[in-house]
Visitor: 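Next up is a structure, given as structure tokens.
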Amino acid sequence: MTVTLPDGSRRELPAGATALDLATDIGRRLAKDAVIAVVDGTERDLDVVLHDGADVAIVTPSTERGLFTIRHSTAHVLAQAVLDLFPGATFGIGPPVENGFYYDFELPGGATFHPDDLERIEARMREIVAAGQPFVRDEISTEEALALFADHRYKQEIISGAAEDPTSVTEAGVVRTYANPPRFVDLCRGPHVPHTGRLGHFKLMRVAGAYWRGDERNPMLQRIYGTAWDTRAALDAHLHMLEEAERRDHRKLGAELDLFSFPDEIGSGLAVFHPKGGTVRRLMEEFSRQRHEQAGYEFVNTPHIAKSELFRTSGHLEWFADGMFPPMELDGGGYHLKPMNCPFHILIFRARGRSYRELPLRMFEFGSVYRYEKSGVVHGLTRVRGMTQDDAHIFCTREQMGGELRNLLSFVLDLLREYGLDDFFLELSTRPEGKAVGSDEDWEEATEALRSAAGSMGLDTVLDEGGGAFYGPKISVQARDAIGRTWQLSTIQVDFQLPQRFDLHYTGADNARHQPVMVHRALFGSIERFFAILVEHHAGAFPTWLAPVQVRVLGVRDDHDPYAFRITDRLRGAGFRADHVDAGEPLGARIRKAKLEKLPYVLVVGDDDVADGTVGVNARGAAVERGVPVDDFVDRLRADVLSHTL
RNA sequence: GCCCGAGUAGCUCAGACGGCAGAGCAACGCACUCGUAAUGCGUAGGUCAGGAGUUCGAUUCUCCUCUCGGGCUCCA
């Protein structure tokens, strides 16, 4: 028989040949790497018997799909190990996820896993891998399946169809299973690697609670997460990445670099910025403010609380009440802390009659908002209860919308690049089915405007079908940081709802009333979150323009201190952030401290420098230079600051 | 909000049968005066997260609360 490979080439095989035979025929290396095959577009186990004329692709772990298989199969090994070690345990589902897999279990009597259990479980998993158990595919009837999994209520739910079955293990009365003889059987659609010996580069990471089928009304199961890779090197690389992420954790660096803290006395999720963090934050804001002014934004200011009635009008009390702090009762009425700035900006728009000549009207504010986040979700600066948004609302005509969005998007990307981020992609969220307001035409027009704006940026755009808010579609800008993690930053959102709710209008050239289109946008998302992202992206080593202290001047001996002081003064006079540490400690110790603070520049001045009017320059990440004229250094520093790069 | 884990000096962490609380770093003082990542000696620093309970006695055992971490559910 003849089969066709992905590159279009054909290959002759004896009748009855399997996908593995094909891989072996192509090359020993491929046969060794292979995990599954795709036959006529369907993923199959490697022992699938091929037919004449089939299109066949051999899948290896060099692809995401191949890695998924490794992870999926490893999840089965985890389940087997847990069922071996914990009599009476039952299991839910165990899919592959990014970088690894998990499996959900329920232990008898509501028992829970202890982190120390992971070691035992992992040891058992290694035995299973060493045993090289085959993965044996089977299809049985629903009745047989119910009997086979009689002790496993969650599996029964899946079989009987009580649970929706995203894994499609059941179909027309047939239930698909995979067995690892001698004991273990799981419901599964597969495909899987041929045998457990193909696995082995994994590590169990953590245990956590997770609701059965992701619904908080369901019982909470015990979830074990693991990571799995095809090679030892890939596993190690991943573990290193995690270490690196830990090293960059903004919560850790925030304390070490004295940037911010979360005093218990204030409350969960409420940060205070210390002088150094405050400086960085001020610089972030100043630059952003400058750019916004250049781009035609006008600056407004609004209070932190307002009558509850305002949020009733805006609809926040209807659809965002869970995210709001409870009301304060005073003067016979209720007041709420604001969770968003939009109603306030709208009132500014509505403060007087508006002409089409004023549009687009772009109102910007560093607006502090308060959201009642559930106690379990606050997380460093990335998820807080009080935050400041670099928030703006653009009021424009329908005709202006497309151009505004396009300009806005390139404005965002340019701005973000100035902060050192440069790897972006976009996500377009469209109309959520069944719970959207506004006409089909409105949605179509706005979505098209966003889509076309996105398309003009030359970036990858992923579609988030149905992910928009009920009042309009949105684009979000995602950035990859220095170690490849993605963060959701800016959101740009078209809103049909609020202009209607507040009955906004402007007078057109035709002297008739028209409703403006409103665009919400926050580029940093929140200052706090963006601050955290910058800390992690730069690993605490802020580029010179953002560094809280740009230069530290150190005299070699204390008789150099007066000269060091003069240098410090001169730098400050020139608008730089410089300080000086006197010679109370040995030079090496003072340099070490400056390095631990990740300062961009340390200047060391000694006898030669005092005599020649020079400085020794110890720049972050560069070799030490001696005898640099002060003017030269100032020029360099100025260039650094202007470029935003170092 | 739910599940699991954890809170000991500013930071990182020891510690105990239920019987006066320990180290390193940081801080402060004195000495050292030094050319590129840790000078020496000394001093001070604690309601052992908070509150109840058990006990002759609780930082240690029990319960509750708060906060933090990892997840789930949510989300900037």
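Throughout, a chain's letter reflects where its sequence line sits, starting with A, and its residues are numbered from 1.
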Visitor: From the set B:rA76, B:rA37, B:rC34, return the single nucleotide nearest to any side-chain atom of A:R371.
Guide: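 It is B:rA76.
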Visitor: Can you tell me how far P in B:rU60 sits from the matching atom in B:rC48, rounded to whole Å?
Guide: 9 Å
Visitor: OP1, OP2 of B:rC66 versus side-chain N and O of A:S268: anything below 4.0 Å?
Guide: no
Visitor: Mind checking if A:D322 touches a base, just sugar-phosphate, or nothing, with heavy atoms under 4.0 Å?
Guide: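 Counting heavy atoms under 4.0 Å across all strands, no contact is made by A:D322.
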Visitor: Nearest to the A:S526 side chain among B:rA26, B:rU36, B:rA76, which nucleotide is it?
Guide: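 Out of B:rA26, B:rU36, B:rA76, the nucleotide with an atom closest to A:S526's side chain is B:rA76.
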Visitor: Report the distance from atom CD of A:E585 to atom P of B:rC32, rounded to the nearest whole Å.
Guide: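 In whole Å, B:rC32 P and A:E585 CD are 16 Å from each other.
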Visitor: Could you give the CG-to-P distance, from A:L596 to B:rA26, as a whole number of Å?
Guide: 10 Å
Visitor: Does A:S375 make a side-chain N or O approach to OP1 or OP2 of B:rG1 shorter than 4.0 Å?
Guide: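 So the side-chain polar atoms of A:S375 do come within 4.0 Å of the phosphate oxygens OP1 or OP2 of B:rG1, strictly under.
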Visitor: What nucleic acid atoms does A:G555 come within less than 4.0 Å of, heavy atoms only: base, sugar-phosphate, or nothing?
Guide: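 Nothing, no heavy atom under 4.0 Å.
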Visitor: Tell me which nucleotide among B:rC3, B:rC34, B:rA26 gets nearest to the side chain of A:V556.
Guide: B:rC34
Visitor: Could you work out the separation of B:rG45 and B:rA38 based on their P atoms and round it to a whole Å?
Guide: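 Result for the P pair: 31 Å, nearest Å.
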Visitor: Distance check needed: B:rA31 C1' versus A:D558 CG, whole Å only.
Guide: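 For the pair A:D558 CG and B:rA31 C1', the rounded distance is 13 Å.
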Visitor: For the residue pair A:F531 and A:F273, categorise the inter-ring angle as parallel (less than 30°), tilted (30 to 60°) or perpendicular (more than 60°).
Guide: perpendicular
Visitor: Go nucleotide by nucleotide along RNA chain B from the 5' end; which of A:F113 and A:L603 gets its closest nucleotide reached first?
Guide: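 Here A:F113 is the residue nearer the 5' end.
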Visitor: Take A:F262 and A:E528, find for each the nucleotide of RNA chain B with the closest heavy atom, and name the residue whose nucleotide sits nearer the 5' end.
Guide: A:F262
Visitor: Flag the pair A:K203 and A:E122 as a salt bridge only when some basic side-chain nitrogen lies within less than 4.0 angstrom of an acidic carboxylate oxygen.
Guide: no
Visitor: As a test of your reading of the structure, name each stem of RNA chain B as range with range, where a stem is three or more consecutive Watson-Crick or G-U pairs at under 3.5 Å.
Guide: B:1-7 with B:66-72, B:10-13 with B:22-25, B:27-31 with B:39-43, B:49-53 with B:61-65
Visitor: Give a yes or no on whether a donor-acceptor pair under 3.5 Å exists between the nucleobase atoms of B:rU36, that is its base, and the side chain of A:N618.
Guide: yes
Visitor: Since syn is defined as within 90° of 0, does B:rC25 count as syn or as anti?
Guide: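 Here B:rC25 takes the anti form, which means its glycosidic angle is more than 90° from 0.
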Visitor: Please tell me which of the listed nucleotides, B:rA76, B:rA26, B:rG35, lies nearest to the side chain of A:V384?
Guide: B:rA76
Visitor: Nearest-Å distance, CD (A:Q493) to C1' (B:rA76)?
Guide: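 Taking CD of A:Q493 and C1' of B:rA76, I get 11 Å after rounding.
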Visitor: Give a yes or no on whether a salt bridge exists between A:R223 and A:D104, defined as a side-chain N under 4.0 angstrom from a carboxylate O.
Guide: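 Yes, charged N to carboxylate O under 4.0 Å.
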Visitor: Is the Lys NZ or Arg CZ of A:K338 less than 6.0 Å from the centre of A:F344's six-membered ring, within 45° of the axis?
Guide: yes
Visitor: Measuring only the P atom in each nucleotide, how far is B:rC63 from B:rG71? A whole number of Å is fine.
Guide: 27 Å
Visitor: Produce the list of close N/O pairs, under 3.5 Å, pairing protein atoms with atoms of nucleotides 70-74 of chain B; give distances to one decimal.
Guide:
unit_1, atom_1, unit_2, atom_2, d
B:rG70, OP1, A:R251, NH1, 3.3
B:rG70, OP1, A:R251, NH2, 3.0
B:rG70, OP2, A:R251, NH1, 3.3
B:rG70, OP2, A:H379, ND1, 3.2
B:rG70, O2', A:R206, NE, 2.7
B:rG71, O3', A:Y225, OH, 3.1
B:rC72, OP1, A:Y225, OH, 3.2
B:rC72, O4', A:G209, O, 3.2
B:rC72, O2', A:Y211, N, 3.2
B:rU73, O2', A:E216, OE2, 3.3
B:rU73, O2, A:K374, NZ, 3.3
B:rC74, O2, A:R383, NH1, 3.3
B:rC74, O2, A:R383, NH2, 2.5
B:rC74, N3, A:R383, NH1, 3.1

Visitor: Would you indicate which nucleotide in B:rC4, B:rG35, B:rU33 comes nearest to any side-chain atom of A:T112?
Guide: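 Between B:rC4, B:rG35, B:rU33, the one nearest the side chain of A:T112 would be B:rC4.
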Visitor: Kindly say whether A:A228 contributes a backbone atom to a donor-acceptor pair with the side chain of A:R71 at under 3.5 angstrom?
Guide: yes
Visitor: Between B:rA38 and A:R592, counting only base atoms on the nucleotide and side-chain atoms on the residue, is there a donor-acceptor pair under 3.5 Å?
Guide: yes
Visitor: Just the rounded figure in Å: distance from P of B:rC66 to CD1 of A:I266.
Guide: 18 Å
Visitor: Validate the cation-pi geometry between A:R120 and A:F86: distance from NZ or CZ to the six-membered ring centre under 6.0 Å, angle to the ring axis within 45°.
Guide: yes
Visitor: Contact class for A:A522 vs. all strands (heavy atom < 4.0 Å): base, sugar-phosphate, or nothing?
Guide: nothing
Visitor: For the side chain of A:D609, counting heavy atoms from C-beta on, which of B:rG35, B:rA27, B:rU33 is nearest?
Guide: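 The answer is B:rG35.
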Visitor: Over 60° means perpendicular and under 30° means parallel, so tell me whether A:F524 and A:Y419 are parallel, tilted or perpendicular.
Guide: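 Geometry flag for A:Y419 against A:F524: perpendicular rings.
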Visitor: Roughly how many Å is it from CG in A:L221 to P in B:rC4, rounded to a whole number?
Guide: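 Result: 13 Å.
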Visitor: Give a yes-or-no answer on whether the side chains of A:E106 and A:Y154 include a donor-acceptor pair shorter than 3.5 Å.
Guide: yes
Visitor: Can you confirm whether more than 12 heavy atoms, excluding those of A:F299, are under 6.0 Å from its CZ atom?
Guide: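 For A:F299, atom CZ is crowded (more than 12 foreign heavy atoms under 6.0 Å).
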Visitor: Starting from C1' on B:rG35, measure out to CG on A:D612 and report it in whole angstrom.
Guide: 14 Å
Visitor: Can a side-chain donor-acceptor contact be found between A:R281 and A:T388 if the only test is distance below 3.5 angstrom?
Guide: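 Result is yes, a qualifying pair exists.
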Visitor: Check every strand shown and say whether A:D264 touches a base, only sugar-phosphate, or nothing at a heavy-atom separation below 4.0 Å.
Guide: sugar-phosphate
Visitor: Less than 4.0 Å between a side-chain N and a carboxylate O, is that true for A:E246 and A:R251?
Guide: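 A:E246 and A:R251: not salt-bridged.
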Visitor: Between B:rC68 atom C1' and A:L270 atom CG, what is the distance in whole Å?
Guide: 15 Å
